[in-house]
Amino acid sequence: MGRIAGVTAAETRERLLQAAAEVFAERGYDGTRVADIAAAAGVSNGALYAHFSSKADLLVSALKAHGRRMLADLFASGPDRSVTELLLVMGRWLPRREGAPGDLIVEALVAARRDQDVARPMRDYLGERADWLADLVRAAQSGSELDPALSPDALAHFCLLLSMGSALVPPTLHAVDDEEWSALLTRVVAALAPPTTPHTASSGC
């Protein structure tokens, strides 16, 4: 079982990432062998290693692929959204997170605590996500949507904690009412807006 006839290298890589997401979700990181993922993708171990250096590389690469697809879908569904609207949409989605993306995050976070082969790429992955979020905050500050006094890095870290936590507490373990959650997020985002400057009342008012 080597390279599949008529399938490009890019398609083989995508098959491996999809298979990795499914197998990791079913068996967990420790319970998964590289051979399991290769078999699920219908390729040889050698074909897998032509694309990925290790099981840890596969785990984090699968996580990145799911994240890119999610962001692409998010931007495609509302390309004209403001940054604060984008943050609200992402936040509203968090309590409903379940399935492969959430499973992958949980497996990666747990594995990173005891396996340096996972911890190293996970630090890079989380650093990239934090940088992207911080840039988003800076864009919102430049557009007067968020208070310029806020630390972009601190707010990005806060968003990361919410995102990672939502994967650890899926709706099957604890659910929240969508409207109540949305109302809370709206209050939180409103609190991050630039402070309003009180107008001085004139003597004629």
Side-chain angles (χ1 to χ4, degrees), residues 1-79 81 86 89-113 115-133 135-136 156 159-160 162-168 170-172:
M1 187 169 51
R3 178 174 169 176
I4 303 171
V7 176
T8 66
E11 290 169 337
T12 298
R13 179 182 174 84
E14 185 60 31
R15 289 171 68 107
L16 284 164
L17 289 172
Q18 184 60 43
E22 293 171 357
V23 177
F24 283 133
E26 179 184 351
R27 305 184 186 184
Y29 181 75
D30 290 338
T32 296
R33 300 174 303 159
V34 167
D36 298 329
I37 297 171
V43 302
S44 66
N45 285 5
L48 183 150
Y49 281 116
H51 294 274
F52 302 99
S53 61
S54 64
K55 186 170 74 167
D57 184 20
L58 255 171
L59 175 64
V60 179
S61 295
L63 186 58
K64 288 180 178 179
H66 275 281
R68 284 193 295 268
R69 280 194 289 269
M70 183 188 70
L71 289 175
D73 291 343
L74 183 63
F75 283 115
S77 66
R81 288 191 183 107
L86 189 63
V89 170
M90 289 190 291
R92 291 186 188 113
W93 172 79
L94 291 178
R96 299 192 294 274
R97 168 184 276 178
E98 55 186 338
D103 293 337
L104 283 172
I105 289 172
V106 172
E107 290 301 323
L109 290 173
V110 171
R113 291 181 63 87
D115 188 335
Q116 281 301 308
D117 288 339
V118 180
R120 283 189 291 269
M122 273 300 289
R123 278 193 291 269
D124 292 340
Y125 169 72
L126 292 176
E128 291 171 6
R129 290 292 298 272
D131 288 344
W132 180 82
L133 286 165
D135 286 343
L136 204 63
C159 292
L160 272 183
L162 281 180
S163 178
M164 300 299 108
S166 71
L168 294 169
T172 51

With sequence neighbours excluded, what pairs up with [X] under the salt bridge (charged side-chain N to carboxylate O under 4.0 Å, His left out) test?
| X | value |
| --- | --- |
| D36 | R27, R33 |
| R81 | none |
| D135 | R138 |

Inset, instruction - Name all pairs fulfilling the salt bridge (charged side-chain N to carboxylate O under 4.0 Å, His left out) condition that reach into residues 66-77, sequence neighbours left out, sorted by first residue then second. - result: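 Found E14-R69.
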Inset, instruction - Sequence neighbours left out, what passes side-chain contact (heavy atoms from CB on, under 4.5 Å) with L109? Give chain and number order. - result: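 For L109 the side-chain contact (heavy atoms from CB on, under 4.5 Å) partners, ignoring immediate neighbours, are I105, M122, M164.
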Legend entry - Which residues share a side-chain contact (heavy atoms from CB on, under 4.5 Å) with L162, sequence neighbours left out: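 By the side-chain contact (heavy atoms from CB on, under 4.5 Å) rule, L162 matches L94, F158.
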Hey, what do you get for [atom1] ([X]) to [atom2] ([Y]), rounding to the nearest 0.5 Å?
| X | Y | atom1 | atom2 | value |
| --- | --- | --- | --- | --- |
| L63 | D103 | CG | CG | 11.0 Å |
| E107 | D30 | CD | CG | 7.5 Å |
| E22 | L104 | CD | CG | 10.0 Å |

Provide the closest heavy-atom pair for [X] versus [Y] in the form atom of the first, atom of the second, distance.
| X | Y | result |
| --- | --- | --- |
| A40 | V23 | CB-CG2, 3.8 Å |
| A62 | A20 | CB-CB, 4.3 Å |
| A35 | N45 | CA-OD1, 3.5 Å |

Side-chain donor-acceptor pairs under 3.5 Å in residues 47-61, sequence neighbours left out?
residue, atom, partner, partner atom, Å
S53, OG, D57, OD2, 3.4
S54, OG, A56, N, 3.4
S54, OG, D57, N, 3.1
K55, NZ, Y29, O, 2.8
K55, NZ, T32, O, 2.9
D57, OD1, S61, OG, 3.1
D57, OD2, S53, N, 3.0
S61, OG, D57, O, 2.7

For residues 125-133, please give each side-chain donor-acceptor pair under 3.5 Å, one per line with the distance, not counting sequence neighbours.
residue, atom, partner, partner atom, Å
Y125, OH, R129, NH1, 2.7

